[in-house]
Amino acid sequence: MRLSKAFIPTQKETPAEAEILSHRLMLRAGMIKPHAAGIYSYLPLGWRTLRKIEGIIREEMDRIGGQEFLLPVLSKRDIWEKTGRWQQAGELMFRLKDRKGADLCLAPTHEEIFAAIAAGQIRSYRDMPQIWYQIQTKFRDEPRPRSGLLRGRQFLMKDSYSFDVDVGGLDQSYRLHREVYQRILKRCGLDFFTVRASSGIMGGSESEEFMVLSSAGEDKAVLCKSCGYAANLEVSTSKAPAYPCETEEVKKVYTPGKKTIEEVSGYLHVPPQRLMKSLLMISQKGPVMVLIRGDHQLNETKAQQVFGCEFRPAEPEEVLKLTGAQAGFIGPVGLEGIEIIADLALKGARGLITGANEDDHHLTGLEPGRDFKVDRYTDLRTVLPGDLCPECTSPLDISSAIEVGHIFKLGTKYSEALGATFLDADGEHRPIIMGSYGIGLERIMVSAIEQHADKDGIVWPITIAPYQVHILPLNFEHEEVRRLSERYYDVLIGRRFEVLMDDRNLRAGTKFKDADLIGIPVRVTIGERTLKEGKIEIRLRKTGKVYKVDKNDAADKIAAVVERLSAEMH
RNA sequence: CGGGGUGUAGCGCAGGCCGGUCAGCGCACCUGCUUUGGGAGCAGGGAGUCGGAGGUUCAAAUCCUCUCACCCCGACCA
C-alpha cells in the first residue's frame, strides 16, 4: 500500500477521551474511529490487525478439528426462554421487536443457538465429539463500556463449543482448547497466564481465564511468585496471616452511634483485625449470619457457592426484627434459629469484638465456640495482598490483568434445556456434554499494544502487524531514492510480503513520526545520505537496531529479516 | 443506577463568574514559494446551528430550566 493513497488518518494530538495507552495509540494511528460509547468503526489499519488475529485463531482452531460456522446475530426469544437467560441476562441483552411485535435480541453469546443446532442434528454417540466455532460480532449492553476497545458494547469474539458423549470427552475437548488458546496467544505475541475462574451465569463446573498482565486490565489476578499459583480474585483462596490474640473475658461496651468497622476500631482504639463483621443475609433458604474478620471483605462469588442459592443483604427492618438491634450493632451471640457461617480466618480467634444485638453496644473478648456457635467455617473472604498462598504459603500478589479468553466446562445445562440428547451405545437417551470457549479479538489487539508500545507509538509483534515492512523514502522527489523504493516495493509485494510505502511528499521527520506511531516491525529507510555509501537501512521498530545493507541486494535482506522475526513468533 | 467531569472548526483548547467588535488560538486542511535524516518557514485561504430545546433580556457561547451525548470513579459484568 502506498501511503499517498491510503486512508490512515494519523494524528499528532491525542483525543481527550482516551485514558489508556492502547486507546490513545489506536486513535492516533488512525486504526479506529469512535461512533458511540463502546462502539467503534475499524479503519483499514485496525481492521487489518483484527483480520490477522482472526487468521491465527482460524488456523489454530482448524488444527484441532474445529469447524467454522456463522450463526445469526438476530435471535428469537424462545430458545433464550428455555435456558432461562431471557430473564437472567437482564439489561445486558439488546432487545428489539420485529414488525409483528415478536421479541428478538442481538445475541450476546451463542450457547443456545449452537445447542439448538446440535439438538436437531446430533442423535448418536457416533456423531461426537464435535467442535464448532465462529468468529463474529457479539452485542452486550454493558452497564459501563470503557477503556476504548477493552469493554465495548459490540465486539468480535471467537466462540467455540464442544459436544461430547461423556465427561472424559469433555475433558479432552477442554484440554484441546486450553492448548490451542495458549498457541494463539503466543503467536499473537502476548505474555499471558491462566487463572482459575468463576463460571458466573454460564453455569458449569470448571473454568479458566487467559489473562494478560496490564495496568489497564479490569480483572484482578492473584499470583504466587514462588509456586505459580494463579487465580482470579473472584475465586482465589488464601491463608490469612493469623492475628495474635489472647483469651479475654466477655464484656459489653457502650459504643454510641459507632456502626462501621472504622468507627468502632477508632473509638475503642483496637485494630480492625480484632473486630468481626456480622452480616445478616437473606438467602432463598432463609436468614444466615455471615462472620468475617474486620479487615476482610465478603467475597460474593464464594458466598453464592456456599449458600448454593441467591442471597441479598437483609433490609434494616429485617435486621431489627431478627436481632433486636440496628445493623452495626448485631452479632452472633444469643442469636437463635439463624444459621451462622464464619470465614476460616476466624477459626481459633480470640478476643473478638462485634455487635451486642443491642443498639449502641458491642461485645468484646469473644471467642467462637465458647461464646457463640458457628455452624460452619468456610472460605468466604476476598484475598488481600500479602495473604499467604494456599498451596505454598508464600505471600501473594494481586495484579491487574486483561481477560482475553475464557474456557468453560458447561456440562448439560444447555443441552438439557434445549433437548440436545443422543442415543448411547446401550440405546439410552443422554444429554450431550458441552463446553464453551471464548476469546476476544479486540482484547488481543488491545493487550498486544499495551504490552508492546513505547513513547513513540505501537510496536507490533510481526504476526499481527497490519503490515510487515514499512518502506520509508526520505525524499520521494529524489530520483535514485524513488527508483530504489519502487523496486523494493515491487519485489517484496511480488514475494507476498505486506508492504507499506511512504511515498508522500513530506518532510523526513513527519514520516519517521508516523512510522513509529503505526509501529510496523521492519522499517526500510532510503535516503540520500546513506545512498552515498551505496547503502540503505533496515531498522527494527522493537529494538531500534539498524542494519546498513548494500542497496543492490536489499530486497533479499529485508525478506530475511521479516522471515526471521516471523519464525521467532512460533 | 450513585458520584464527579466535559460538550465551542477534523483534533487539542481559550472565552463563560462580569451578557454587548466574541466566533478566537494552536495543530491539521487548501494555494503559492522556499525547504527535505526525527512532526519546517513565510504569505494567503477555507472551515464552527458555541451538543439540543425552551426561557430571561433591547441583546445569550456567556444567566435560568429541561434534555441529549461523551469521559472518569463506584455498583454491575458471560
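Predicted model only: the values in this text are computed from it and were never measured.
Between B/rC72, B/rG38, B/rC70, one nucleotide has an atom nearer to the side chain of A/Arg153 than all others, and that is B/rC70. Side-chain proximity of A/Thr510 to B/rA78, B/rG38, B/rA40: nearest is B/rA40. Taking the side chain of A/Glu477 as heavy atoms from C-beta on, and the options B/rG37, B/rG39, B/rU36, the nearest nucleotide is B/rU36. Nearest nucleotide to the side chain of A/Glu300, out of B/rG39, B/rC76, B/rC72: B/rC76. Of the candidates B/rG37, B/rC77, B/rU36, the closest approach to any side-chain atom of A/Phe512 belongs to B/rG37.
Going from the P atom of B/rA47 to that of B/rA9 covers 15 Å, rounded to whole Å. Atom name C1', nucleotides B/rG52 and B/rA14: the rounded distance is 23 Å, in whole Å. B/rU62 and B/rU21 are spaced 14 Å apart, taking the P atom of each and rounding to whole Å. For the C1' atoms, the distance from B/rC50 to B/rG4 is 24 Å, rounded to whole Å. Of the P atoms belonging to B/rU35 and B/rG41, the separation is 15 Å, rounded to the nearest Å. Taking atom P on both B/rG45 and B/rC58, the two are 39 Å apart, rounded to the nearest angstrom. B/rG39 and B/rA28 have their P atoms separated by 12 Å, given to the nearest Å. When the C1' atom is used for both B/rU49 and B/rG5, the distance is 25 Å, rounded to whole Å.
Distance, A/Glu91 CD to B/rA75 P: 18 Å, rounded to whole Å. Here B/rA40 presents its P atom at 14 Å from CG of A/Asn475, a figure rounded to the nearest Å. In this structure, A/Leu472 atom CG and B/rG39 atom C1' are separated by 13 Å, rounded to whole Å. Across the protein-nucleic acid pair, A/Asn232 atom CG and B/rA78 atom P stand 11 Å apart, rounded to whole Å. Between the CG atom of A/Asp502 and the C1' atom of B/rG38 there is a distance of 13 Å, given to the nearest Å. To the nearest angstrom, P of B/rA78 lies 10 Å from CD of A/Glu209. Counting to the nearest Å, the P atom of B/rA28 and the CZ atom of A/Arg507 are 12 Å from each other. The separation between A/Lys12 atom NZ and B/rC29 atom C1' is 13 Å, rounded to whole Å.
The salt bridge (charged side-chain N to carboxylate O under 4.0 Å, His left out) test applied to A/Arg523 returns A/Asp516, not counting sequence neighbours. Residues forming a side-chain contact (heavy atoms from CB on, under 4.5 Å) with A/Asn232 (at least two apart in sequence, or on another chain): A/Val195, A/Glu209, A/Met211, A/Asp219, A/Glu234, A/Val235.
Exactly one residue among A/Arg175, A/Arg196, A/Arg178 makes a salt bridge (charged side-chain N to carboxylate O under 4.0 Å, His left out) with A/Glu208. That residue is A/Arg178.
Among pairs with a residue in residues 17-42 of chain A, none fulfils salt bridge (Lys or Arg N to Asp or Glu O under 4.0 Å), at least two apart in sequence or across chains. Residues in residues 66-80 of chain A take part in these salt bridge (Lys or Arg N to Asp or Glu O under 4.0 Å) pairs, two or more places apart or across chains: A/Arg58-A/Glu68, A/Lys76-A/Asp78, A/Arg77-A/Glu81, A/Arg77-A/Asp103.
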- request: Give RNA chain B the dot-bracket treatment, 5' to 3': Watson-Crick (N1-N3 with N6-O4 or O6-N4) or G-U (N1-O2, O6-N3) under 3.5 Å, [ ] crossing, | other strand.
  value: ((((((((.[[[[.)....(...]]]].((((((.....)))))).....[[[[[..)....]]]]])))))))....
- prompt: Nucleotide by nucleotide, 5' to 3', does protein get under 4.0 Å of the base (B), only the sugar-phosphate (S), or neither (-) in nucleotides 8-13 of chain B, counting heavy atoms?
  reply: ---BSS
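Between the side chain of A/Gln136 and the backbone N or O of A/Leu71, at least one donor-acceptor pair lies under 3.5 Å. Using a distance-only test at 3.5 Å, with no hydrogens or angles considered, no donor-acceptor pair links the side chain of A/Glu318 to the main chain of A/Ala314. Side-chain atoms of A/Tyr161 come within 3.5 Å of backbone atoms of A/His110 as a donor-acceptor pair (strictly under, hydrogens ignored). Here the side chain of A/Lys511 pairs a donor or acceptor atom with the backbone of A/Asp502 at under 3.5 angstrom.
Judged by distance alone, with hydrogens and angles left aside, A/Thr530 brings a side-chain donor or acceptor within reach of the base of B/rG37, the pair sitting under 3.5 Å. Contact of A/Arg523 with B/rG38 (side chain to base): a donor-acceptor pair of N or O atoms is detected under 3.5 Å. Interface remark: the A/Arg151 side chain does form a donor-acceptor pair with the B/rC77 base, using a distance-only criterion of under 3.5 Å. Scanning atom types as modelled, one donor and one acceptor separated by under 3.5 angstrom connect the side chain of A/Arg140 and the base of B/rA78.
Looking at which nucleotide of RNA chain B each of A/Glu537 and A/Glu234 is closest to, the 5′-most match is held by A/Glu537. Each of A/Asp456 and A/Pro108 has a nearest nucleotide on RNA chain B; the 5'-most of these lies closest to A/Asp456.
Among the heavy atoms of the strands, none lies under 4.0 Å from A/Leu27. Residue contacts for A/Arg504: at a heavy-atom cut-off of 4.0 Å it reaches no nucleic acid atom on any strand shown. At the heavy-atom level, A/Ser147 lies under 4.0 Å from the strands shown only through sugar-phosphate atoms.
Contact annotation: A/Arg144 side-chain N/O to B/rC73 OP1/OP2 distance is under 4.0 Å.
For A/Lys220 and A/Ser400, the side-chain atoms include at least one donor-acceptor pair closer than 3.5 Å.
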message: For A/Tyr437 and A/Tyr133: C-alpha separation, side-chain torsions, deciding distance, then whether side-chain contact (heavy atoms from CB on, under 4.5 Å) applies.
response: CA-CA 9 Å; A/Tyr437 317 89; A/Tyr133 77 97; over 6 Å; no
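A/Lys413 and A/Glu111 are not joined by a salt bridge, as no carboxylate oxygen comes within less than 4.0 angstrom of a charged side-chain nitrogen.
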